[in-house]
Amino acid sequence: MSTAVNIESLNRELVNYQKDMIVLPYALLLPVLQDLKVSMLGSVTGKDVVIVKERAGGVAGPYSPGQVAKYKNELSRMYERKLEPELCYAAVKDNILSYRKKRVLFDASKNKVDNQSKKHPLEREVISDAVITVSEDIIDALYFATRDEEDPSPLGMLNGIYTLQDNLVAAGAVTEAKGNLVACGPLNAPVDKDDFSAYMNLRDWLRNIDPKIRNKAVVLQITNQALTHVKDALENKRGSHSDTTFETVLQFLRNDCNIPKLMISSHYCLGTGSRLTLTTPGNFDIGFNTLSDILFMQIRNPWEDPNLVQFWIQWEMGMRIQNFHKRGFMISDGDTVGNELSGDYDAGSGSGSGVIGV
């Protein structure tokens with residue numbers, strides 16, 4: 001009989017075990033969002049709508065006595081940006097009788113199944129693992145997911161940032177002509193010590209930033225793979241004996257591109273590849289119907305067999321790009337590939353990668 005917590009591989013002896021299990025990796029959602037400068041919204045019911053205003057230019061002009069005034073009929077435009085959370089869940093089913101003849105971890109009081117309470121002997125461990133895993137799944141879905149109820153993996157939960165970007169490109173809202181889609185040269189690993197093209201290509205791409213946001217805080221989202229290639233290329237370009245760090249890369253890009261408040265964010269959820277995103281902090285939102293839902297798990301016995309225990313988490317979440325005007329948003333062309341889904345071993349829970357590109 002299969003169990004939610006597989007303890008068959010433990011070589012149990014009469015020894016004392018540490019009280020706390022080692023859980024790898026331990027992902028926390030909030031620090032990742034803070035690093036990526038993504039805003040988190042709670043208590044989103046139905047649809048959350050923000051109004052983005054874009055102002056027209058060219059209102060002022062010279063005055064001459066007796067001239068016919070030229071009136072501006074349109075001063076600004078208002079746009080709605082909607083965030084609509086999608087229903088998601090995580091479920092685990094287990095039969096407590098599976099543990100009846102097995103010595104369970106750490107706590108001697110758990111070595112026997114309570115036939116009266118029907119409480120799962122590893123309830124705390126299952127809850128902890130489920131909440132951590134849900135957090136990891138959300139992180140994996142932040143950029144690569146596409147809402148698909150036929151996809152049972154985390155990548156079917158919602159439309160992630162890359163998917164939203166691709167939808168904007170397909171709709172003609174993000175184009176080269178509008179200045180929010182700019183091609184970038186390859187960000188490949190240097191082929192020799194004289195190759196510093198990856199740094200130069202990123203520098204040239206960043207120089208396309210709209211001059212009106214050049215002195216504002218902006219964040220460059222770049223895959224760790226591409227950033228490492230840029231660092232190695234800059235080290236070649238400097239040709240010095242001092243080490244080139246990622247902080248060195250940031251300082252050089254700030255100076256070379258005249259973007260003094262540039263920030264760089266790189267995280268595994270961005271995948272691998274050369275796709276770049278430049279945006280103002282807080283321009284991307286993730287919203288939950290209630291933040292407590294991802295921290296609380298229902299434990300219930302809904303079946304005729306009371307020995308079956310169900311662990312259930314249910315929540316709603318969605319993502320949004322507020323502003324995709326060139327004065328606050330710019331992406332590159334190029335492909336990006338998602339990493340394998342998180343977890344310490346493959347439990348056969350679906351595909352963990354996808355290719356995103358424009």
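In this chain, residues are counted from 1 in sequence order.
Counting Ile, Leu, Val, Met, Phe, Trp and Tyr side chains that sit under 4.5 Å apart, directly or through other members, Val219 shares a hydrophobic cluster with Met263. When hydrophobic residues (I, L, V, M, F, W, Y) are linked wherever their side-chain heavy atoms come within less than 4.5 Å, the members clustered with Trp312 are Tyr89.
A distance of 5.0 Å separates OG1 in Thr248 from CZ in Arg238, rounded to the nearest 0.5 Å. Expressed to the nearest 0.5 Å, how far CD1 of Ile286 lies from CE of Met40 amounts to 8.0 Å. With rounding to the nearest 0.5 Å, the separation of OG in Ser332 from CG in Leu206 is 10.0 Å. Between the NZ atom of Lys326 and the NZ atom of Lys212 there is a distance of 9.5 Å, given to the nearest 0.5 Å. In this structure, CZ in Phe329 is found 14.0 Å from CG in Asp210, a value given to the nearest 0.5 Å. Atom OG1 of Thr277 is separated from atom CD1 of Ile321 by 8.0 Å, given to the nearest 0.5 angstrom.
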* To do: Let me see the working for Asp195 and Asp192 under side chain to side chain contact (heavy atoms under 4.5 Å, CB included), right down to the final yes or no.
  => CA-CA 6 Å; Asp195 182 3; Asp192 53 39; 3.6 Å; yes
* Residues Val169, Ile331; criterion side chain to side chain contact (heavy atoms under 4.5 Å, CB included); working and verdict -> CA-CA 10 Å; Val169 173; Ile331 63 173; 4.1 Å; yes
* Would Leu220 and Trp205 satisfy side chain to side chain contact (heavy atoms under 4.5 Å, CB included), going step by step from the backbone distance to the final call? -> CA-CA 11 Å; Leu220 169 67; Trp205 184 81; 3.9 Å; yes
* Asked: Where do Phe324 and Thr279 land on the side chain to side chain contact (heavy atoms under 4.5 Å, CB included) test, with the steps shown first?
  -> CA-CA 9 Å; Phe324 38 85; Thr279 187; over 6 Å; no
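Ala226 and Gly273 make their closest contact through CB-O, 3.5 Å (heavy atoms, listed as atom of the first residue, atom of the second, distance). Contact between Ala189 and His229 at its shortest, heavy atoms only, is N-ND1, 3.3 Å. For the residue pair Asn236 and Pro190, the shortest heavy atom distance occurs at ND2-CB, 3.5 Å. Smallest separation of non-hydrogen atoms from Phe144 and Cys269: CE1-O, 3.4 Å. Residues Met157 and Ala141 come closest through the heavy atom pair CE-CB, 3.9 Å.
Looking at heavy atoms from C-beta onward, Ile161 lies out of side-chain contact with Leu142 at the 4.5 angstrom threshold. With a 4.5 Å cut-off on side-chain heavy atoms, Ile139 and His267 count as touching. For the pair Gln314/Leu87, a side-chain contact is recorded, criterion being any heavy-atom separation below 4.5 Å from C-beta on. Counting heavy atoms from C-beta on, the side chains of Thr146 and Leu155 never come closer than 4.5 Å. Side-chain contact between Lys178 and Val174 is absent, with no heavy-atom pair separated by less than 4.5 Å. Using a 4.5 Å heavy-atom threshold, the side chains of Thr280 and Lys216 count as separate. Side-chain contact between Val38 and Phe284 is present, with heavy atoms from C-beta onward closer than 4.5 Å. Here the side chains of Leu202 and Leu253 are in contact, with some heavy-atom distance below 4.5 Å.
By the side-chain hydrogen bond (donor to acceptor under 3.5 Å, both in side chains) test, Asp256 is found to be paired with Tyr199, residues two or more places apart in sequence or in another chain being considered. Partners of Asp204 by side chain to side chain contact (heavy atoms under 4.5 Å, CB included), not counting sequence neighbours, listed by chain and number: Arg207. Not counting sequence neighbours, Asp232 has no partner by the side-chain hydrogen bond (donor to acceptor under 3.5 Å, both in side chains) test. With sequence neighbours excluded, no residue satisfies side-chain hydrogen bond (donor to acceptor under 3.5 Å, both in side chains) with Asn201. Applying the salt bridge (Lys or Arg N to Asp or Glu O under 4.0 Å) rule to Asp137 yields no partners; only residues at least two apart in sequence or on another chain are considered. Residues forming a side chain to side chain contact (heavy atoms under 4.5 Å, CB included) with Leu250 (at least two apart in sequence, or on another chain): Glu247, Arg254, Leu262, Ile264. Taking Asp48 as the reference, Arg320 meet the salt bridge (Lys or Arg N to Asp or Glu O under 4.0 Å) condition, with sequence neighbours excluded. Thr133 is linked by a side-chain hydrogen bond (donor to acceptor under 3.5 Å, both in side chains) to nothing, counting only residues two or more places apart in sequence or in another chain. Residues passing the salt bridge (Lys or Arg N to Asp or Glu O under 4.0 Å) test with Glu235, sequence neighbours excluded: none. For Arg203, there are no salt bridge (Lys or Arg N to Asp or Glu O under 4.0 Å) partners at least two apart in sequence or on another chain.
Judged purely by distance below 3.5 Å, without hydrogens or angles, the side chains of Gln310 and Arg300 pair a donor atom with an acceptor atom.
Between the side chain of Ser265 and the backbone N or O of Asp35, at least one donor-acceptor pair lies under 3.5 Å. Without hydrogens or angle criteria, Asp148 side chain to Gly156 main chain gives no donor-acceptor distance under 3.5 Å. Of the possible donor and acceptor atoms, one in the side chain of Ser266 sits under 3.5 Å from a partner among the backbone N and O of Asn224. Under a 3.5 Å cut-off, the side chain of Asp94 and the backbone N or O of Ile96 do not form any donor-acceptor pair. Side chain of Asp140 to main chain of Leu341: no donor-acceptor pair is present (N/O by atom type, distance under 3.5 Å, no hydrogens or angles). The closest donor-acceptor contact from the side chain of Ser274 to the backbone of Pro186 lies at 3.5 Å or more, if one exists at all. With hydrogens and angles disregarded, a donor-acceptor distance shorter than 3.5 Å links the side chain of Thr163 to the backbone of Ala145. Between the side chain of Asp243 and the backbone N or O of Thr245, no donor-acceptor pair lies under 3.5 Å.
Cluster membership check: Val131 shares its hydrophobic cluster with Leu30, using side-chain heavy-atom separations under 4.5 Å among Ile, Leu, Val, Met, Phe, Trp and Tyr. Side-chain heavy atoms closer than 4.5 Å link hydrophobic residues (I, L, V, M, F, W, Y) into clusters, and following such links, even through other members, never connects Leu168 to Leu278. Leu36 and Ile138 fall within the same hydrophobic cluster, where Ile, Leu, Val, Met, Phe, Trp and Tyr residues are linked whenever their side-chain heavy atoms come under 4.5 Å apart, directly or through other members. Grouping the Ile, Leu, Val, Met, Phe, Trp and Tyr side chains by contacts below 4.5 angstrom, directly or via other members, places Leu270 apart from Val218. By the criterion of side-chain heavy atoms lying less than 4.5 angstrom apart, applied directly or through intervening Ile, Leu, Val, Met, Phe, Trp or Tyr residues, Tyr143 is grouped together with Phe288 in one hydrophobic cluster.
Under the 4.0 Å criterion applied to side-chain N and carboxylate O atoms, Asp166 and Arg275 are assigned as salt-bridge partners.
The local environment of CD in Gln67 is crowded, with over 12 non-hydrogen atoms from other residues, nucleotides or ligands closer than 6.0 Å. In the displayed structure, Lys231 atom NZ is contacted under 6.0 Å by more than 12 heavy atoms of other residues, nucleotides or ligands.
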